[in-house]
Q: 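Quick one: structure below, then a few questions.
Values below: all heavy atoms of this structure, side chains included; hydrogens, waters and symmetry mates excluded. Positions are given from 1, in the same order as the sequence printed here.
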Amino acid sequence: MSLMKDWENIVAANSQDAMSQQKFWTEYYMLEKGIYEKLLEEPDKIVTGTVKELAEIYAVEPAIMIGFLDGINESINTPNTIESLEEDSKVMLEINLELLYKNMVAAKTDWLYELPQWEALISEERRKELYKEQKSSTTIVKGKKVGRNEPCPCGSGKKYKHCCGR
């Protein structure tokens with residue numbers, strides 16, 4: 001069985017009731033925060049090793065490491081094939097810091113994108129820009145509504161009500 005299945009089983013087992021689910025995720029988020037703190041202390045270092053080795057380095061179980069890898073996968077330069085990873089599978093974490101920051105904002109994980117380690121990595125102005133970019137990328141902006149007596153936007157020269165507005 002793949003480690004991803006193990007991770008999914010752990011999540012399912014801890015989702016039986018709201019109390020156990022909250023306890024599980026609170027504990028997981030603390031582990032995740034600890035891993036990010038260590039990673040961001042040495043941002044230029046490309047972390048490589050087997051899943052088991054990384055789990056030992058960051059003091060978590062291999063299945064928990066898979067949960068972490070699944071979360072960071074979109075923020076690394078060469079994504080790993082999470083579904084097929086086993087304990088002895090080699091992984092590489094070459095982190096794109098700006099993308100990681102934006103993904104943390106998108107996930108609404110303020111305990112991660114407000115870590116003090118970011119101050120040394122990305123300037124405050126740039127972090128604000130990245131924050132705004134991410135927030136505006138999910139904002140839907142409606143175009144101007146065409147009035148029934150205005151020229152049709154298709155370019156026919158007819159009024160909208162006599163053309164595409166039917």
Q: Does Leu31 have any side chain to side chain contact (heavy atoms under 4.5 Å, CB included) partners at least two apart in sequence or in another chain, and if so, which?
A: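 Testing Leu31 for side chain to side chain contact (heavy atoms under 4.5 Å, CB included), a comparison that skips the adjacent residues, returns Val60, Ile64.
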Q: Which atom names give the shortest non-hydrogen contact between Trp111 and Glu32, and what distance separates them?
A: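 For Trp111 and Glu32, the tightest heavy-atom pair comes out as NE1-OE1, 4.2 Å.
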Q: For the residue pair His162 and Lys159, establish whether any side-chain heavy-atom pair is separated by less than 4.5 Å.
A: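 Contact flag for His162/Lys159 side chains = yes.
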Q: How about NZ on Lys45, more than 12 heavy atoms from neighbouring residues, nucleotides or ligands closer than 6.0 Å, or not?
A: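 It does not: Lys45 NZ has 12 such atoms or fewer within range.
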Q: Taking the six-membered ring for Trp, are Trp118 and Tyr101 closer than 6.0 Å centroid to centroid?
A: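 Centroid distance Trp118-Tyr101: below 6.0 Å, so yes.
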Q: Is it the case that the side chain of Asn73 and the backbone of Asn80 share a donor-acceptor pair, with hydrogens and angles ignored and the cut-off at 3.5 Å?
A: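 Looks like yes, one N/O pair under 3.5 Å.
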Q: Are any side-chain N or O atoms of Arg127 and backbone N or O atoms of Ile122, one a donor and one an acceptor, separated by less than 3.5 Å?
A: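 Flag set: sc Arg127 to bb Ile122 pair under 3.5 Å.
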Q: Which atoms form the tightest heavy-atom contact between Ala12 and Gln16, and what is the distance?
A: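 Between these two residues, the closest heavy atoms are O-NE2, 3.1 Å.
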Q: Tell me whether Leu112 shares a hydrophobic cluster with Tyr29, the cluster being built from Ile, Leu, Val, Met, Phe, Trp, Tyr side chains joined at under 4.5 Å.
A: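 Leu112 clusters together with Tyr29.
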Q: So, does Thr81 use its side chain to make a donor-acceptor pair with the main chain of Ser84 at under 3.5 Å?
A: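 Checking the backbone N and O of Ser84 against the side chain of Thr81, no donor-acceptor pair under 3.5 Å is found.
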Q: Would Asn96 and Ser75 count as a side chain to side chain donor-acceptor pair (under 3.5 Å) here? Give the steps.
A: CA-CA 6 Å; Asn96 179 328; Ser75 303; over 6 Å; no
Q: Could you tell me which non-hydrogen atom of Ile76 sits nearest to which non-hydrogen atom of Met92, and how far apart they are?
A: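 Answer, listing the atom of Ile76 first, then Met92: CD1-O, 3.8 Å.
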Q: Could you tell me whether the side chain of Thr109 and the main chain of Met104 form a donor-acceptor pair under 3.5 Å?
A: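 Yes, the answer is positive, given that a donor and an acceptor are paired below the 3.5 Å cut-off.
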Q: For Glu129, look at atom CD and say whether over 12 heavy atoms of other residues, nucleotides or ligands are found less than 6.0 Å away.
A: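 Correct, the count exceeds 12.
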Q: Step by step, would you call Asp88 with Lys52 a side-chain contact (heavy atoms from CB on, under 4.5 Å)?
A: CA-CA 6 Å; Asp88 59 345; Lys52 186 175 183 178; over 6 Å; no
Q: Is there a donor-acceptor pair closer than 3.5 Å between any side-chain N or O of Tyr28 and the backbone N or O of Phe68?
A: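 Flag set: sc Tyr28 to bb Phe68 pair under 3.5 Å.
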Q: Apply side-chain contact (heavy atoms from CB on, under 4.5 Å) to residues Ile95 and Leu40 and explain how you reach the verdict.
A: CA-CA 9 Å; Ile95 302 170; Leu40 294 175; 5.6 Å; no
Q: Assess whether atom CD of Glu61 is packed by more than 12 heavy atoms of other residues, nucleotides or ligands within 6.0 Å.
A: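 Counting neighbours around CD of Glu61, 12 or fewer heavy atoms of other residues, nucleotides or ligands fall under 6.0 Å, so no.
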Q: Does Ile72 reach the side chain of Leu39, with side-chain heavy atoms less than 4.5 Å apart?
A: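 The answer is yes; the side chains approach within 4.5 Å.
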Q: Walk me through it: do Glu83 and Ser2 pass the test side-chain contact (heavy atoms from CB on, under 4.5 Å)?
A: CA-CA 7 Å; Glu83 295 78 25; Ser2 75; 6.0 Å; no
Q: Membership question, hydrophobic clusters at under 4.5 Å side-chain separation (ILVMFWY): are Tyr36 and Ile57 in the same one?
A: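 Yes; tracing contacts between hydrophobic side chains, which count when under 4.5 Å, links both residues.
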Q: What closest approach, in Å, do Lys102 and Gln134 show between heavy atoms, and which atom pair accounts for it?
A: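 For Lys102 versus Gln134, the nearest heavy atoms are O-CG, 3.5 Å.
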Q: Looking only at heavy atoms, which two atoms of Met4 and Ile82 are closest? And how far apart?
A: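 For Met4 versus Ile82, the nearest heavy atoms are SD-CG2, 3.7 Å.
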Q: Taking side chain as C-beta onward, heavy atoms only, is Val91 less than 4.5 Å from Thr48?
A: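 No. Closest side-chain heavy atoms not under 4.5 Å.
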Q: Near Glu150 CD, under 6.0 Å, is it more than 12 heavy atoms from other residues, nucleotides or ligands?
A: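 Yes.
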Q: Would you indicate whether the side-chain heavy atoms of Glu124 and Glu119 approach each other to under 4.5 Å?
A: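 Not touching, per the 4.5 Å side-chain cut-off.
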Q: Does a sphere of radius 6.0 Å around NZ in Lys135 hold more than 12 heavy atoms from other residues, nucleotides or ligands, not counting ones at 6.0 Å or beyond?
A: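 Counting other residues, nucleotides and ligands, NZ of Lys135 exceeds 12 neighbours.
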Q: Mind running side-chain contact (heavy atoms from CB on, under 4.5 Å) on Gln21 and Asn14 for me, showing each step along the way?
A: CA-CA 5 Å; Gln21 186 176 13; Asn14 287 288; 5.9 Å; no
Q: Honestly curious: do Ile35 and Trp25 fall in one hydrophobic cluster under the side-chain, below-4.5 Å linking rule?
A: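 Both belong to a single hydrophobic cluster.
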Q: Do you know which two heavy atoms are closest between Leu3 and Ala63, and how far apart they sit?
A: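 Taking every non-hydrogen atom into account, CD2-N, 4.2 Å.
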Q: Check for a donor-acceptor pair, side chain of Asn9 on one end and backbone N or O of Lys5 on the other, with a separation under 3.5 Å.
A: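 Indeed, once roles are kept as given, a pair shorter than 3.5 Å links the two residues.
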